[in-house]
Amino acid sequence: QINEAAAVVFSVPSYACQRRTTLQNHNTVLTEALSLLAENAELNEEDGRAIAFRRSEAVLKALPKAVTNLADLRGLPCLGEHSLKIIKDVLKDGVSSEVETTRQSDRYKALKVLTGIFGVGAKTADRWIKMGISTLHQLQASGQTLNQAQQAGLEHYEDLNQPVAKAEADAIGDVVQKVVLSVLPGALITLIGGFRRGKPTGHDVDFLITHPEEGREVGLLPKVASLLKSQGFLLYQKTTRNSYLESDDGPARLSSNMDRFERCFSIFKLEMNPGTTRSGTPRSSSRTESQSDDHSPQTPGGVHENGLESRRRSWRAVRVDLVVSPISQFAFALLGWTGSKLFEREMRRWAGHEKAMSLSSHALYDTKQRRYLRAASEEEIFAHLGLEYIPPSQRNA
Ligand code: CTP
Ligand code: MN
Ligand code: MN
Ligand code: MN
């Protein structure tokens, strides 16, 4: 084979937490194909399949240049038979028929629309589809009982499915900071999630809050939420208390990666300054402010957000997550909430499989020594785990 000699040799370690994955992706056509199949598997709750596609996707994201030939992939980890077949088709034809068939399938489209409602997961969507509900229209006509999160999700469907820009995240950060400091002077507020990894947009905005004096942070969020609400900033919120207890027998099994911090899931009402379009891209500096994009909702199923139709609004809805950690767990919370999701999952897998340790967003437990390993920074956690430190901007696996 002529290409054999010309094949590029990539060397990629097998766990995503051993790799530096920036936002610069040289293989977007391939990773988007694998990502769609991963997403479809997630929507169908086929977890093993989903993880396999996510791992393949992440390996390709970590490559320093574009793959042009199947031979380039020799020796790379995590690429299973199925992923290789998809890659092969895309390299040959520019598309994969399996990916395109999935993308066009009624079930995939219905799962996307329904899980696009805040508060609706794969299980609920599947139940509705089995009842013949595949669109927002059908859902509304069905008379299904929706919980409060889902009602708010439906009401703000269009806004919540628009990407959130960094400038919008910063504007929300200013509001959150002011209110948090008024309740608890000295509190520290950190932007986490995708924005901390340097992403220009996100599906929500995540903040981690702590206080240098252990214990002062307890019960903060109910006060913050009620102040934000009284000031008109919240369209929906659900606050839960901290339920984490460290035990001498080691960490209680946390169900999947759910943590037990005090937290608030909310929908924020963000006033938009006129220099910002609905998608948040700054408008050219000239005098175009008064002509900012008309807001004419094209919501699938014809639901018109707030019934406003094309009347211009001065605000948009944004999903905001607030998490509070005691300072003693701050480094773990920061690491656990910075993502990406695959990076986190791989780090926990590394801890368990390679180090006999158990990592969560609360703590790191050494099973052999039967003790918790303390850390005051993310760097220390990587060091405990025998991993080279990877900064947030390189955790975009
Ligand atoms: N996370 C978590 N527990 C949850 C929800 C999220 O530990 N119940 C963590 C995720 O593992 C992730 C981080 O919080 O590391 C941020 O989650 P999320 O906002 O869903 O993803 P982002 O990476 O911020 O992506 P996006 O920009 O789309 O918001
Ligand atoms: Mn397979
Ligand atoms: Mn996020
Ligand atoms: Mn989030």
Side-chain angles (χ1 to χ4, degrees), residues 16-17 21-23 25 35 38-39 42 47 50-51 54 57-58 61 112 115-116 118-122 149 153 159-170 172-173 176 189-209 221 236-244 251 254-268 279-280 317-325 329-351 358-364 378 381 390-397:
C17 56
T21 314
T22 64
L23 290 170
N25 176 350
S35 177
E39 182 193 31
E42 283 154 8
D47 295 347
I51 292 167
R54 288 286 176 220
E57 179 196 357
K61 277 189 190 169
K112 277 286 271 188
T115 60
F118 170 61
V120 177
D159 275 10
L160 299 185
N161 283 284
Q162 294 292 325
V164 183
K166 177 63 162 55
E168 294 175 314
D170 289 336
I172 291 168
V176 170
I189 297 106
T190 309
L191 183 61
I192 48 174
F195 288 114
R196 183 163 183 254
R197 303 196 305 274
K199 281 179 60 183
T201 61
H203 92 283
D204 69 356
V205 190
D206 310 285
F207 295 99
L208 177 60
I209 305 166
L221 283 186
Y236 166 87
Q237 68 90 22
K238 185 179 171 163
T239 303
T240 50
R241 293 173 24 211
N242 185 317
S243 61
Y244 179 74
L254 299 177
S255 69
S256 70
N257 67 338
M258 281 304 281
D259 60 59
R260 294 166 173 237
F261 290 117
E262 182 173 313
R263 82 161 63 172
C264 177
F265 293 114
S266 76
I267 301 177
F268 217 86
S279 60
V318 177
R319 274 272 300 113
V320 174
D321 286 335
L322 305 177
V323 189
V324 173
S325 102
Q329 297 170 23
F330 179 75
F332 296 99
L334 183 62
L335 178 63
W337 275 81
T338 295
S340 68
K341 283 191 182 91
L342 185 78
F343 191 93
E344 303 295 341
R345 184 199 295 279
E346 291 277 279
M347 209 158 177
R348 291 192 299 269
R349 188 166 68 96
W350 168 272
S358 168
L359 174 69
S360 75
S361 295
H362 295 280
L364 178 61
E378 291 181 317
I381 303 173
I390 311 284
S393 63
Q394 298 178 350
R395 296 180 203 160
N396 285 292

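For reference, positions follow the sequence shown, starting with 1. Each ligand, and each atom within it, is numbered from 1 in the order the structure gives. Values below: all heavy atoms of this structure, side chains included; hydrogens, waters and symmetry mates excluded.
- At a cut-off of 2.8 Å, measuring from the Mn ion (ligand 3), the protein N, O or S atoms that fall short of it are D204 OD1, D206 OD2, waters left aside.
- Side-chain atoms of I172 and F207, non-hydrogen and from C-beta on, do get closer than 4.5 Å to each other.
- Defined by atom type and a distance below 3.5 Å, a donor-acceptor pair is present between the side-chain atoms of W337 and D259.
- S360 contributes a side-chain N or O that, together with a main-chain N or O of H362, makes up a donor-acceptor pair within less than 3.5 Å.
- Residue contacts with ligand 1, taken as heavy atom pairs separated by less than 4.0 Å, do not involve R196 at all.
- Taking K112 as the reference, E39 meet the salt bridge (charged side-chain N to carboxylate O under 4.0 Å, His left out) condition, with sequence neighbours excluded.
- Side-chain atoms of D206 and V323, non-hydrogen and from C-beta on, never get closer than 4.5 Å to each other.
- Which parts of ligand 1 touch R263 is read off a 4.0 Å heavy-atom cut-off, strictly below it: atoms 8 (N).
- Near K199, the atoms of ligand 1 lying under 4.0 angstrom from a non-hydrogen atom of the residue are 25 (O), 26 (P), 27 (O), 28 (O).
- Interface atoms of ligand 1 facing G339, defined by a heavy-atom separation under 4.0 Å, are 15 (O).
- Within the 4.5 Å cutoff, the side chain of I390 has heavy atoms near those of the F343 side chain.
- Under a 4.0 Å criterion applied to the non-hydrogen atoms of D204, ligand 1 contributes the atoms 19 (O), 29 (O).
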Evaluate the criterion ring pair (Phe, Tyr, Trp, His ring centres under 6.0 Å) for residue pair F118 and F265; output intermediate values, then yes/no.
-> CA-CA 10 Å; F118 170 61; F265 293 114; 7.3 Å; no

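- Under a 4.0 Å criterion applied to the non-hydrogen atoms of E344, ligand 1 contributes the atoms 15 (O).
- Summarising the contacts of atom 6 (C) of ligand 1 with W337, F265, F261, F343, the nearest heavy atom is found in W337.
- Counting heavy atoms from C-beta on, the side chains of R196 and L191 never come closer than 4.5 Å.
- In R345, the CZ atom is not crowded: 12 or fewer heavy atoms of neighbouring residues, nucleotides or ligands sit closer than 6.0 Å.
- Every atom of ligand 1 is numbered from 1 in the order shown, and the set under 4.0 Å from a heavy atom of R197 is 23 (O).
- Taking any N or O of K341, backbone or side chain, at least one lies under 3.5 Å from an N or O belonging to ligand 1.
- For the pair R319/I267, a side-chain contact is recorded, criterion being any heavy-atom separation below 4.5 Å from C-beta on.
- Among the atoms of D206, some N or O lies under 3.5 angstrom from an N or O of ligand 1.
- Proximity of E57 to L342: side-chain heavy atoms (C-beta onward) are nowhere separated by under 4.5 Å.
- Ligand 1 has no nitrogen or oxygen under 3.5 angstrom from a nitrogen or oxygen of T338.
- Taking distance alone, with nitrogen or oxygen atoms compared against 3.5 Å, H203 approaches ligand 1 more closely than that limit.
- Side-chain atoms of D321 do not come within 3.5 Å of backbone N or O of D204 as any donor-acceptor pair.
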